[in-house]
Amino acid sequence: MVASSLASPLCTWLVAACMSVSSEKDQFSKPASSFQSSKFMGRRRKAITKFKSGSLMNGSVMNTSWHNCFGFEPCEEYYKSDGFSASFSSLFAENPFSVFGFKQVPLNRRQRRMSSAAHPGKPMAVAVQPAMEATTMKKPLMRNRRVVVTGVGVVSPIGHDPDMFYSNLLEGISGISQIEAFDCSEFPSRIAGEIKEFSTNGWVAPKLSKRADKFMLYMLTAGKKALADGGITEDLLQELDKARCGVLIGSALGGMKVFHDGIEALQVSYKKLNPFCVPFATSNMGAAMLAIDLGWMGPSYSISTACATSNFCILSASNHIIRGETDMMLCGGSDSAIIPIGLGGFSACGALSQRNSDPTRASRPWDMDRDGFVIGEGSGVLLLEELEHAKTRKAKIYAEFLGGSFTSDAYHMIEPHPEGNFIHGNYHRIAGIPAQILYRVHSHSKAWKTCIPTDFFYMLYKIGSGVVLCIEKALAQSGVKREDVNYINAHAASTPAGDLNEYQAILHCFGKNPELKINSTKSMTGHLLGAAGAVEAIATVKAIHTGWIHPNINLENPDNGLDMNVLVGSKKERLDIKVALSNSFGFGGHNSSILFAPYKNV
């Protein structure tokens, strides 16, 4: 009875809607001529009269209108309802216009012919179960699916093997040196985290090695090394459900060398162009080539968010696993821009260090003598896997991936917002009052300026709005308590403003944790651009796995106000990591924070 009482009014409304749409199509699909209008006006008046009296409420007409509007038939309860005709007739008895604003008219001859052909007998009720099934097939976010790191692969200025890479980090060995790939004597910056020795033997086909850009070769090599490190042998690779395996590895700049070579060839003739110059220059092609090589048919694409690229890829890859779309994802980033246009472009921005006489001491995050970042190259790839899938094949588990977040400064291509954190979203409040309101009062009041120093508000300005918001969202979305985060691998790229902004944002979020430790991998590798986040994520995972965190080299003269109990010194330190956070920020105001923790079998 309840179902009947609910179904009948609902069907009444739906029929009214589809009749209105059907009439609208009938009126406006073909403009009637004056002859037709005069000839059939009488019939239309009679039809409207019948409509008002309820004679149009026959099965075939309503079935056609309903079917045209919704694509399926009315429910059985609609046909059984005795009150439908009366309720519908009363709805239009006084006015031949529908509640939707269109005049009701009968079906034309073609529509009647189609209706009688489709339904020659009595009305046929068709179940709407398929529509319900389509709704239930939408899978909710499966948060009970845990994501773990089971393999890592790296190509970097300080090593191409994960163990060697992290051993060099712990020893404080710098990979920054004079550029040898080309003559850069006329450039203001002539140093880089350049990879001196690299071989694709055993990892990439020789023909592809000759054609592809280095960013792609680094990516393919690191990706396959991650598989090997994760215990994915050739036999096991054939046993995997390849439809549930994907590749999400990005690049900030893509194949710059291939594209640059194409431009030079074009100066002679387009016939001199390499036919691969366009596809090999695109940032997605590395991930695509790796997926093709492995035969993995799951999600395969790339994300490009400047120097935050890797973190965006890692978090997005984990979401594919959490949603139940995949069981295994290769993710990370790769870049190789140590070529004239890359070095020249960053030099023109005034972003690079010019400490050319002492390369190993040029990258110095949080040091007062820093003068810009040092460009680097390389690739980092992580093998993320669903926990039960990893346990089934008895995989080695480095750490658990807990989640993360993205935000945008939404202010400038390169610079952080000058008014800091509280301008966006009234983040800071003092005694419940938004800080920016207090600042405006302060700026117009002599008494306030006497009582409250301007440095108090300047301190708030220095906290990057997007950074704090990103960290807070990462904690909220992953369900991590802030007091549990005791290690942070910072983005800190050795830039004058960026290092302090991030440091103060970190202290704002975690400053009350006495165990908190912060370091920067870039002090030894330089800034690997789109690969930086993945390489630093590998350093973070290795720190969890080994219990050692690497030093901050070249931090000899710390900036004013820095707490050296928080920043790691010049030697490696032991740390029982509870939760680790890794930050990456990029041009365009892209912010990203991702979280890892030791794996616990709970």
Please report the interatomic distance CG(Leu170) to NZ(Lys572), rounded to the nearest 0.5 Å. 5.5 Å

Using the test salt bridge (charged side-chain N to carboxylate O under 4.0 Å, His left out), find all partners of Glu385 that sit at least two apart in sequence or belong to another chain. Arg393

Partner set under side chain to side chain contact (heavy atoms under 4.5 Å, CB included) for Asn601, not counting sequence neighbours: Lys391, Tyr599

Closest contact, heavy atoms only, Ile176 versus Pro359: CG2-O, 3.3 Å

Report yes if the side chains of Val467 and Asn501 come closer than 4.5 Å at any heavy-atom pair, otherwise no. no

For the ring pair Phe596 and Tyr398, is the centre-to-centre distance below 6.0 Å? no

Could you state the interatomic distance from CG (Leu469) to CD (Glu472), rounded to the nearest 0.5 Å? 8.0 Å

Measure across Pro299 and Thr326 and return the closest heavy-atom pair with its distance rounded to 0.1 Å. CD-CG2, 3.3 Å

Closest non-hydrogen contact found for Asn489 with Thr540 is CB-OG1, 3.4 Å

Under a 4.5 Å cut-off applied to non-hydrogen side-chain atoms, are Ser316 and Ile303 in contact? yes

Starting at CD1 of Ile375, measure out to CD of Glu194 and round the result to the nearest 0.5 Å. 10.5 Å

Please name all residues satisfying salt bridge (charged side-chain N to carboxylate O under 4.0 Å, His left out) with Lys396, sequence neighbours left out, ordered by chain then number. Asp229

Any side-chain heavy atom of Leu330 sitting closer than 4.5 Å to one from Leu383? yes

Main-chain N/O of Glu377 paired to Ser336 side chain as donor or acceptor, under 3.5 Å: no

side-chain contact (heavy atoms from CB on, under 4.5 Å) evaluation trace for Glu556 with Arg364: CA-CA 9 Å; Glu556 301 163 353; Arg364 43 198 318 112; 3.0 Å; yes

Please tell me if the side chains of Ser251 and Thr309 come closer than 4.5 Å, counting only heavy atoms from C-beta onward. no

Which heavy atom of Pro157 sits nearest to which heavy atom of Gly193, and what is that distance? CG-O, 3.1 Å

Of all residues at least two apart in sequence or in a different chain, which pass the salt bridge (charged side-chain N to carboxylate O under 4.0 Å, His left out) check with Arg355? none

Once ring-ring contact (aromatic ring centres under 6.0 Å, His included) is applied, do any residues pair with Phe406, and if so which ones, sequence neighbours excluded? Phe312

Hey, does the side chain of Asn554 reach the backbone of Thr360 with a donor-acceptor pair shorter than 3.5 angstrom? yes

Please confirm whether the backbone N or O of Val468 pairs with a side-chain atom of Lys473, one donor and one acceptor, at under 3.5 Å? no

Report yes if some heavy atom in the side chain of Val381 is under 4.5 Å from a heavy atom in the side chain of Lys225; otherwise report no. no

Ser592 side chain vs Ser584 backbone, donor-acceptor pair below 3.5 Å: yes

I'd like to check the side chain to side chain contact (heavy atoms under 4.5 Å, CB included) partners of Ala306; sequence neighbours left out, ordered by chain and number. Phe587

Contact check, side chains of His160 and Phe165, non-hydrogen atoms, under 4.5 Å: no

Which side-chain hydrogen bond (donor to acceptor under 3.5 Å, both in side chains) pairs, counting each pair once, include a residue from residues 283-303, with sequence neighbours left out? Lys224-Asp293, Thr282-Asn284, Tyr301-His320

Show, in sequence, the C-alpha distance, side-chain angles and deciding distance for His389 and Leu240, and conclude whether the side-chain contact (heavy atoms from CB on, under 4.5 Å) test is met. CA-CA 10 Å; His389 188 275; Leu240 294 174; 4.0 Å; yes

Sequence neighbours left out, what passes side chain to side chain contact (heavy atoms under 4.5 Å, CB included) with Leu507? Give chain and number order. Tyr503, Leu516, Val566

So, are Asp327 and Arg145 salt-bridged, with charged N and O less than 4.0 Å apart? yes

Donor-acceptor contact present, side-chain Asp335 to main-chain Ala252, <3.5 Å: yes

Suppose we screen for side chain to side chain contact (heavy atoms under 4.5 Å, CB included). Which residues come up paired with Ala543, at least two apart in sequence or across chains? Tyr166, Tyr487, Ile549, Ile577

Looking at Met297, I'd like to know if its CE atom is crowded, meaning that more than 12 non-hydrogen atoms belonging to other residues, nucleotides or ligands lie closer than 6.0 Å. no

Less than 4.5 Å apart, any side-chain heavy atom of Ile232 and any of Met328? yes

Determine the minimum heavy-atom distance between Ala192 and Ile338, stating which atoms define it. CB-CD1, 3.7 Å

Less than 4.5 Å apart, side chain to side chain, heavy atoms only: is that true for Phe215 and Leu253? no

Walk me through it: do Leu387 and Ile397 pass the test side-chain contact (heavy atoms from CB on, under 4.5 Å)? CA-CA 9 Å; Leu387 176 60; Ile397 297 177; 3.8 Å; yes

Taking every non-hydrogen atom, the tightest pair across Leu315 and Ser318: O-OG, 2.7 Å

Does any N or O in the side chain of Ser379 come within less than 3.5 Å of the main-chain N or O of Gly333, such that one atom is a donor and the other an acceptor? yes

Donor-acceptor pair, side chain of Asn513 and main chain of Val485, under 3.5 angstrom: yes

One should read off an interatomic distance between Leu581 CG and Ile488 CD1, to the nearest 0.5 angstrom, of 5.5 Å

Does this structure show an ion pair linking Arg370 with Asp559, if we count only N-O contacts that are shorter than 4.0 Å? yes

Distance-only, no hydrogens or angles: does the Trp366 side chain make a donor-acceptor pair with backbone N or O of Asp499 under 3.5 Å? yes

Which pairs would a plain distance check flag for residues 523-538, meaning a side-chain donor or acceptor within less than 3.5 Å of a matching protein atom at least two apart in sequence or in another chain?
from	atom 1	to	atom 2	distance (Å)
Ser523	OG	Ser520	O	3.0
Thr525	OG1	Thr521	O	3.4
His527	ND1	Leu529	N	3.1
Glu536	OE1	Lys522	NZ	3.3
Glu536	OE2	Lys522	NZ	2.7

Not counting sequence neighbours, list each pair that qualifies as a salt bridge (Lys or Arg N to Asp or Glu O under 4.0 Å) and has a residue in residues 295-315. none

Apply side-chain contact (heavy atoms from CB on, under 4.5 Å) to the pair Leu217 and Phe198, showing each step before the final yes or no. CA-CA 10 Å; Leu217 299 179; Phe198 173 71; 4.2 Å; yes

Roughly how far, to the nearest 0.5 Å, is CD1 of Ile321 from CZ of Arg146? 13.5 Å

Checking the side chain of Arg482 only, and the main-chain atoms of Leu475 only, is there a donor and an acceptor separated by less than 3.5 Å? no

Rounded distance [0.5 Å steps], SG in Cys245 versus CE in Met329: 9.5 Å

Side chain Asn583, main chain Ser593, donor-acceptor under 3.5 Å: no

Taking salt bridge (charged side-chain N to carboxylate O under 4.0 Å, His left out) as the definition, give me every residue that meets it alongside Lys578, ordered by chain and number, with sequence neighbours left out. Glu515

